[in-house]
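Reading through the structure tokens given below for one structure.
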Amino acid sequence: MYPTRATVDCRSACAKVNLSLLVGPLRDDGYHNIWTVFAPVTLCDEIEFALSACAPGGVRPSLLVQCPGVSQSDNLATRALRSLEDETGWYLGGFVNIQKVIPPASGLGGGSSDAAAALRAGVEAIEAAGGPSTSEDALRKIARRLGADVAFFLDARPSVGRGVGDLLEPLSLPEIPLVLLLPQEELSAAEVYQTYDGVASSESPASFQARYRIGEMSWRSLSDAWTSSDLGLQAAVMQAAGLLMNDLEVACLHILPSLKGRRDALIHQGALGAIVSGSGPTVFGVFASAEEADGACAKLRAVGHEAHRAATLAGSFASA
């Protein structure tokens, strides 16, 4: 059976920030349990898909995944499509052209977002060719095997993440004005976690649970108040800024001490709060209004920072 004729499909793959990130003790398997608040943001990669699909048994079609600075074999989008082939038994061919805007290894989840978009595009190509449907549960299982952030980006919306970040529950949050200070450097998440284990104080599971329950209660309270309209936009943004936290920041600053200067620069320009996102090294600041964020972004660019104006997204990016 020959592959179907492919048409070009252009999609956006959004970044994320971690508004809070608490890290539990090291587990026996070498991983950490975490508790985090994910929020999708308006910074996006742009991806062209032209995928075809065919049943096994014939000639396997060629698949080309292009992304500046990343080999096809190392690209998480390639792994996502190959994992989908393993799940369905069908072959995917054609090309994927990823135009990077989200810096790699920056704590913004760009590669994971690209992979989630590839999974969605691959499912549609297989179904269009008459192949099997892939359930949401099966898709989430594939995503979790690829990485915790991939599971989030399948339906990117403000969410609490538990486990290794792949157990997700939605939150209702406003669109929060941000300024991102995008890095020139890259930070490996593995290196950051290894450094964290060396420089952070050890914590008992009970202490971690107590801390994340406080965080859970605080963010749920904000979510409930925003949903019921008990809080106006500015009050909600101010409350969110007061809840910013990242346990991995100590490790990021240990590896790249210059991040403190970037964080301080955001505060100096009026940010209500500023932290490193995820495993860094992107630093972001929360601002009281879009106008204040615009002004701060312009001033930070004027003194040499790679500043990007952004905002969190209040709903599901997948349905936007």
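What you see is a predicted model; the values in this text were computed from it and never measured.
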Exercise. State plainly whether one hydrophobic cluster holds both Val41 and Ile47, where clusters connect Ile, Leu, Val, Met, Phe, Trp and Tyr through side-chain heavy atoms under 4.5 angstrom apart.
Key: no

Practice problem: Verify salt bridge (Lys or Arg N to Asp or Glu O under 4.0 Å) between Arg82 and Glu87, making sure each step is shown before the conclusion. | Solution: CA-CA 9 Å; Arg82 294 307 189 199; Glu87 175 71 22; over 6 Å; no

Exercise. Kindly say whether Gly107 contributes a backbone atom to a donor-acceptor pair with the side chain of Ser277 at under 3.5 angstrom?
Key: yes

Quiz prompt | Neighbour count >12 (heavy atoms, 6.0 Å) for atom CG, Asp28 | solution = no

Quiz item: Would you say the side chain of Asn18 lies within less than 4.5 Å of the side chain of Phe38, judging by non-hydrogen atoms?
Solution: yes

Quiz item: Do Ser258 and Glu185 have side-chain heavy atoms sitting under 4.5 Å apart?
Solution: yes

Exercise. For residues Phe284 and Leu19, determine if any side-chain heavy atom of one lies less than 4.5 Å from a side-chain heavy atom of the other.
Key: yes

Exercise. Would you check if the side chain of Ser221 reaches a backbone N or O of Met217 as a donor-acceptor pair within less than 3.5 Å?
Key: no

Quiz item: Backbone N or O of Phe49 within a donor-acceptor pair of the Asp9 side chain at under 3.5 Å?
Solution: no

Quiz item: Using a distance-only test with no angle check, is there a side-chain donor-acceptor pair under 3.5 angstrom linking Gln72 and Thr78?
Solution: no

Quiz prompt | Charged N-O contact under 4.0 Å between Arg162 and Glu169 | solution = yes

Quiz item: Would you say the side chains of Asp230 and Ser228 form a donor-acceptor pair under 3.5 Å?
Solution: yes

Quiz item: In terms of hydrophobic clusters joined by side-chain contacts under 4.5 Å, are Ile98 and Leu81 together?
Solution: yes

Quiz item: Ignoring hydrogens and geometry, is there a side-chain-to-backbone donor-acceptor pair from Thr312 to Ile176 under 3.5 Å?
Solution: yes

Practice problem: Flag the pair Arg157 and Asp155 as a salt bridge only when some basic side-chain nitrogen lies within less than 4.0 angstrom of an acidic carboxylate oxygen. | Solution: yes

Practice problem: List the steps, then state whether salt bridge (Lys or Arg N to Asp or Glu O under 4.0 Å) holds for Glu306 with Arg262. | Solution: CA-CA 10 Å; Glu306 189 173 347; Arg262 297 176 204 174; over 6 Å; no

Quiz prompt | No-hydrogen, no-angle side-chain donor-acceptor test under 3.5 Å, Asp74 and Ser71 | solution = yes

Quiz item: Passes side-chain contact (heavy atoms from CB on, under 4.5 Å), Gln269 versus Leu300? Steps please.
Solution: CA-CA 8 Å; Gln269 293 300 334; Leu300 288 162; 3.9 Å; yes

Quiz item: Would the number of heavy atoms belonging to other residues, nucleotides or ligands and lying under 6.0 Å from NZ of Lys141 be above 12?
Solution: no

Practice problem: Show your reasoning for whether side-chain contact (heavy atoms from CB on, under 4.5 Å) applies to His308 and Leu43. | Solution: CA-CA 8 Å; His308 186 95; Leu43 185 72; 3.3 Å; yes

Quiz item: Does a side-chain heavy-atom distance below 4.5 Å link Leu139 with Leu154?
Solution: yes

Quiz item: Is Arg120 salt-bridged to Glu136, cutoff N-O under 4.0 Å?
Solution: yes

Exercise. Could you state whether Leu248 and Leu108 fall into the same hydrophobic cluster, counting links through intermediate Ile, Leu, Val, Met, Phe, Trp or Tyr residues with side-chain heavy atoms under 4.5 angstrom apart?
Key: no

Self-check item: Glu249 side-chain N/O to Val276 backbone N/O, donor-acceptor pair under 3.5 Å
Solution: yes

Quiz item: Roughly how far, to the nearest 0.5 Å, is CG of Leu313 from CG of Leu173?
Solution: 11.5 Å

Practice problem: Begin with the C-alpha distance, continue with both residues' side-chain angles, and end with the deciding distance and a verdict on side-chain contact (heavy atoms from CB on, under 4.5 Å) for Ile275 and Leu21. | Solution: CA-CA 10 Å; Ile275 58 170; Leu21 175 57; over 6 Å; no

Quiz item: Any sub-3.5 Å donor-acceptor pair from Ser20's side-chain atoms to Leu244's backbone N or O?
Solution: no

Quiz item: Any side-chain heavy-atom pair from His268 and Arg263 closer than 4.5 angstrom?
Solution: no

Exercise. Would you indicate whether the side-chain heavy atoms of Phe153 and Pro40 approach each other to under 4.5 Å?
Key: no

Quiz item: Does the Thr282 side chain pair with the main chain of Ser106, one donor and one acceptor, at a distance under 3.5 Å?
Solution: yes

Self-check item: Sub-4.5 Å side-chain heavy-atom contact between Asp114 and Ile102
Solution: no

Quiz item: Is there a donor-acceptor contact under 3.5 Å from the side chain of Ser223 to the main chain of Trp219?
Solution: no

Practice problem: Over 60° means perpendicular and under 30° means parallel, so classify the ring planes of Tyr196 and His32, tilted if in between. | Solution: perpendicular

Quiz item: Quick one: do Val65 and Leu84 end up in the same hydrophobic cluster if we chain Ile, Leu, Val, Met, Phe, Trp and Tyr together by side-chain heavy atoms under 4.5 Å apart?
Solution: yes

Exercise. May I have the step-by-step check of side-chain contact (heavy atoms from CB on, under 4.5 Å) for Val17 and Leu180, ending in yes or no?
Key: CA-CA 10 Å; Val17 294; Leu180 310 175; 4.2 Å; yes

Practice problem: May I ask you to decide if Glu216's main-chain N or O and Ser218's side chain share a donor-acceptor pair within less than 3.5 Å? | Solution: no

Quiz item: Do the charged groups of Glu203 and Arg211 touch, with an N to O distance under 4.0 Å?
Solution: yes

Quiz prompt | Donor-acceptor under 3.5 Å (Thr88 side chain, Trp90 main chain) | solution = yes

Quiz item: Do Asp264 and Lys260 meet the salt-bridge criterion of a basic N to acidic O distance under 4.0 Å?
Solution: yes

Quiz item: So, do Pro177 and Val237 sit near enough that their side-chain heavy atoms are less than 4.5 Å apart?
Solution: yes

